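The structure appears right after this line, and notes come after that.
Computed from a prediction, not measured in an experiment: that's the story for all the values here. Residue numbers start from 1 in every chain, and the chains themselves are labelled A, B, ... in the order their sequence lines are given, proteins ahead of strands. Hydrogens, waters and symmetry mates play no part in the numbers below; they use all other heavy atoms, side chains included.
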2 protein chains.
Amino acid sequence: MLLLPLDTKAREPLYEQMAHRIVELIDGGALAVGDRLPPSRALADTLGLNRSTVLRAYQELWALGYIESRPGSYTTVRQRARRVERGASSGDSAVPWEKVANAASRVLLDRHRRLATVRGDQVPKGTINFAGLAADRALAPVDDLRRAINRLLARQGGMALDYGDPAGYRPLREAIARRMQTHSVTVSPDEVLVTSGAQQAIDLVLRMLASPAARVVVEAPSYAAALPLFRANGYEPVEVPMRDDGMDLDALERAFDVARPTLVYTMPNFHNPTGITTSQPHRERLLALCSAHGIPLVEDGFEEEMKYFGRAVLPIKSMDHSNVVIYLGTFSKVLFPGLRIGWIAAHQDCIDRLTAIHRFASLSASTLGQVAIAHLCENGTFEAHLRRIHVAYRRRMQTLLRSMREHFPTRGVSWTEPNGGYTLWVRIERGTVTESQIVERLTAAKVMVAAGSNFFAHPPRSASFRLSISNLTEPDIEEGVRRIGRVLTQIVGG
Amino acid sequence: MLLLPLDTKAREPLYEQMAHRIVELIDGGALAVGDRLPPSRALADTLGLNRSTVLRAYQELWALGYIESRPGSYTTVRQRARRVERGASSGDSAVPWEKVANAASRVLLDRHRRLATVRGDQVPKGTINFAGLAADRALAPVDDLRRAINRLLARQGGMALDYGDPAGYRPLREAIARRMQTHSVTVSPDEVLVTSGAQQAIDLVLRMLASPAARVVVEAPSYAAALPLFRANGYEPVEVPMRDDGMDLDALERAFDVARPTLVYTMPNFHNPTGITTSQPHRERLLALCSAHGIPLVEDGFEEEMKYFGRAVLPIKSMDHSNVVIYLGTFSKVLFPGLRIGWIAAHQDCIDRLTAIHRFASLSASTLGQVAIAHLCENGTFEAHLRRIHVAYRRRMQTLLRSMREHFPTRGVSWTEPNGGYTLWVRIERGTVTESQIVERLTAAKVMVAAGSNFFAHPPRSASFRLSISNLTEPDIEEGVRRIGRVLTQIVGG
């Protein structure tokens, strides 16, 4: 006989109360697995309830896995599956993840593990970090953003928090088109796709053009986080060496003759890692080559806005009469990387396809981030902030270059002299010390740099490293360069 | 002879002034293409400047593409490439985008175009929209978020706007692990990866396990925006029909015998589109099958929190002793879809691999979104909001079900009765009218529904559609159902 105290005045429906009481009896051990429950009609009579109430309670108990019943048989208490207990979650798996994960994901995991050490929060105390590429948090216009979000959420309510257009928030696409016009690039808002940062932009392009025999021409060195992504998307990287004025275009022409690449990836401004900005003639010839061959040219303009010495060379996209350039931009290097807002500007046919991939891969970029950045572009914060950081970074870069001339050995080491951006490139021209030994000695001397080999698809012959000033004060830059200088002098001689 | 007025007191360096003046002469037409510039030494003498200043100006002019010089020859004005003019950007492309874009992207573009009409902002005035699945903007705790962001940005400054950990913001992963514990799922924060929404979560899993012969078992019907993504990632969908208690497990067992699938994708709660929640015994058997075969089981718990009738059935992940379940969650259905924050909870080996793919595909989810949601979880807003929307949506669903019983024909039409979530499923059991004709008639009657065929990989035999109450008031639900009822009565008879 079941004792089921039910309260007809409670808010909880009777069937739920009943199910609840029976669950308590089972969980408490009063009813054991295999024990019979009374037939629904009998129980209804006993309790003075409608039979449908009992049936509904039994249905609920069945759905929750507490009872089972077979046709023509009693309803009995069921053996439910055990829950996983706290602390027991890290056991073995019936799926051999390492085996079922594909080769592409292994490439990425391997690179992820090797790059993990560069993360800013893992820098030991007292070490000067020239490795990071995040802009200085102290310079970010946080209060402007705070006010903008406050205003937007107060005025527009949930609009800024709703699902967004996969192509991007229209006013932001308009602001981007206007911004690009200041660099002489003419695109309509329809030719702009807003992405979750430039990293996703690269990935979307790669996904659109991937094919079994895909090949991507990259500068050597190139952006470290793009290289494994090329491979993971099935592209064979074809490395073209960097010269003082960008990728070697004679080598590129030869590469075009050997086998048609799927696309060419270039960073014409403040190239990461070398800091090189290519000249107008270089841009023209590169564009002419790709146009003549009908090969998409991915122009990664991640630091388009960061020219603070001399005058700006125009983006390749500004001269793109044959619509072969896929331009990538980002707000991460000037405003806030944590909002994850970048964009792609390209021919309408290309943007439509990328938008479709974007939609199914992640629906849209963060609406709040898009609405906020559109606001900061419209109210002048973006421009004003740009002027401010230009002053700050110009000084830092000048400090870096001056300190290097002072403290670096005069022979056996060469470096680039960027006209903007955050990074420059140091090459060790002589000596028998390997790159990893150099990095090790620098680490011992309490400076962190980005090892050069990270930036190549195939291991380079000479040792090199990248220095970034994005997150360092002038005194730290000076002291850091002094430390590096001492190590380099030991290696190559004075 | 060049007339170059220079100001030795100006802030602009002399070489820049010089370059600037010469650019003006060229742009103004005073110097034409082919015109010679004086040799640097001669010009330096004339102007009384250091020769290096002139050389630097010439270098700048060369980089900007205004001059060229060959060894042993004069420096001459160069023909620069024309910029693309405003309004000229939508011309032809030397890249045949339709041809170079791969088959996967064509699948997505095609689906994107067909699904585009369902977007909420395209609903004609006076039409009642049962098609959308975005939560009601009016219910969103916008002010709580606004206050949270205000506080976070004022206190923590730029931290919330910086590059984030690819695995996710640690306090959010902790909050997610705690939240999952309330559903009896035990995972550590290390077993949680924060993604840009559940959509990206699905994509990351597919990318990790993709292979040439990949097959995914899906419920028929299933999530419309996942189906093209399966194909685009190279998976052949194997459809298993939905029964009243979820996917037909006998059919699943047979599918396992025919060919080993790569993974099984299921939505055990408030299944989209049918609204069905599977029972504990169904979950146990599905899990046992996948565990026995070592096949990853993707449990899409996108509406885990939305049970508002009766008691919750536990997630399959809660019983996952053999670590085959990849659990997907999202904040889009309860909090704000526009922040694009979802997550994956799975075995550490699996999460590590997904984190690596995530890092190279998009670096991380929006830091600001993560920090804000972590805060709303910690300060109780999430729980309080959940109670509030449960009340609202319970009423709406009750209104929907009551109205349907009142206005729908008693025969020839069947529908599901969900115990939570936003959607239910209507099937037309008789009549000769096709699904597209039904949708057309409904549109004419000023109601919008999601056509059933969107939710199948292979066209189904019977006509069906999904109704969603996520963004409708009770009076609108009642009126909309009345309209649908009239159309259905015409089709199947009273």
Side-chain angles (χ1 to χ4, degrees), chain A residues 63-65 81 83-84 86 89 93-95 97 101-102 105 108-109 112 134 137 140 142 146 149 153 157-158 161-163 184 186-187 196 199-200 203 208 211 229 279-281 284 291 294 296 318-319 322-324 336-338 340 347 349-350 353 356-357 359-363 366-368, chain B residues 63-65 81 83-84 86 89 93-95 97 101-102 105 108-109 112 134 137 140 142 146 149 153 157-158 161-163 184 186-187 196 199-200 203 208 211 229 279-281 284 291 294 296 318-319 322-324 336-338 340 347 349-350 353 356-357 359-363 366-368:
Chain A
L64 295 170
R83 297 179 202 169
V84 177
R86 276 170 194 271
S89 59
S93 174
V95 176
W97 297 105
N102 53 31
S105 76
L108 298 180
L109 182 65
H112 174 61
R137 194 184 286 175
V142 177
R146 193 172 57 76
I149 291 180
L153 291 185
L161 302 166
D162 224 336
Y163 284 110
S184 296
T186 296
V187 286
S196 297
Q199 188 74 23
Q200 191 192 39
D203 190 39
M208 177 179 70
S211 71
L229 195 56
S279 67
Q280 167 82 2
E284 290 180 13
S291 296
S318 69
M319 304 170 279
S322 53
N323 285 298
V324 298
F336 312 102
R340 310 298 315 121
H347 190 261
D349 285 355
C350 175
R353 285 169 167 76
I357 304 174
R359 176 193 186 144
F360 291 104
S362 62
L363 296 190
S366 155
T367 318
L368 181 63
Chain B
L64 294 169
R83 297 179 202 168
V84 177
R86 276 172 194 269
S89 60
S93 174
V95 176
W97 296 106
N102 53 31
S105 76
L108 298 179
L109 181 65
H112 173 61
R137 196 184 283 175
V142 177
R146 193 173 58 76
I149 290 180
L153 291 184
L161 302 165
D162 224 337
Y163 285 109
S184 296
T186 296
V187 285
S196 297
Q199 189 73 22
Q200 190 191 41
D203 190 40
M208 177 179 71
S211 70
L229 195 56
S279 68
Q280 168 82 2
E284 290 180 12
S291 296
S318 69
M319 304 170 279
S322 53
N323 285 298
V324 298
F336 312 103
R340 311 298 315 121
H347 190 261
D349 285 355
C350 176
R353 284 169 169 78
I357 304 174
R359 175 193 188 146
F360 291 103
S362 61
L363 297 188
S366 155
T367 318
L368 181 62

Heavy-atom closest pair, residues B/Met319 and A/Ala81 |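 Residues B/Met319 and A/Ala81, closest heavy atoms: SD-CB, 3.5 Å.
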
Heavy atoms only: give me the nearest B/Ala63-A/Pro281 pair and the separation to one decimal.
->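 It is O-CD, 4.0 Å.
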
Is [X] reaching over with its side chain to a backbone N or O of [Y], donor-acceptor style, under 3.5 angstrom?
{"X": "B/Gln200", "Y": "A/Ala361", "answer": "no"}
{"X": "B/Ser93", "Y": "A/Asn323", "answer": "yes"}
{"X": "A/Asn102", "Y": "B/Met208", "answer": "yes"}

Verify the distance criterion only: is there a donor paired with an acceptor across the side chains of A/Arg83 and B/Ser184 at less than 3.5 Å?
->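 Yes - a donor-acceptor pair under 3.5 Å links their side chains.
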
How long is the span from the [atom1] atom in [X] to the [atom2] atom in [Y], to the nearest 0.5 Å?
{"X": "B/Trp97", "Y": "A/His347", "atom1": "CH2", "atom2": "NE2", "value": "9.0 Å"}
{"X": "A/Leu64", "Y": "B/Ser279", "atom1": "CG", "atom2": "OG", "value": "9.5 Å"}
{"X": "A/Arg353", "Y": "B/His112", "atom1": "CZ", "atom2": "NE2", "value": "11.5 Å"}
{"X": "B/Leu363", "Y": "A/Arg340", "atom1": "CG", "atom2": "CZ", "value": "4.5 Å"}

Please assess B/Leu161 against A/Val142 for the test side-chain contact (heavy atoms from CB on, under 4.5 Å), listing each intermediate value before the final yes or no.
-> CA-CA 8 Å; B/Leu161 302 165; A/Val142 177; 4.0 Å; yes

I'd like to know which of [options] tops the heavy-atom pair count under 4.5 Å against chain A.
{"options": "B/Leu108, B/Asp349, B/Thr367", "value": "B/Leu108"}
{"options": "B/Ser318, B/Gly158, B/Pro337", "value": "B/Pro337"}
{"options": "B/Ser105, B/Ala94, B/Gly65", "value": "B/Ala94"}
{"options": "B/Ile149, B/Leu229, B/Asp162", "value": "B/Asp162"}

Using a cut-off of under 4.5 Å on heavy-atom pairs, state which of A/Gly338, A/Pro296, A/Ser196, A/Ser211 scores highest against chain B.
->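 If we count pairs closer than 4.5 Å to chain B, A/Gly338 comes out on top.
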
Heavy-atom contact with chain A under 4.5 Å, split by part of B/Ala140 =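 For B/Ala140, no heavy atom lies under 4.5 Å from chain A.
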
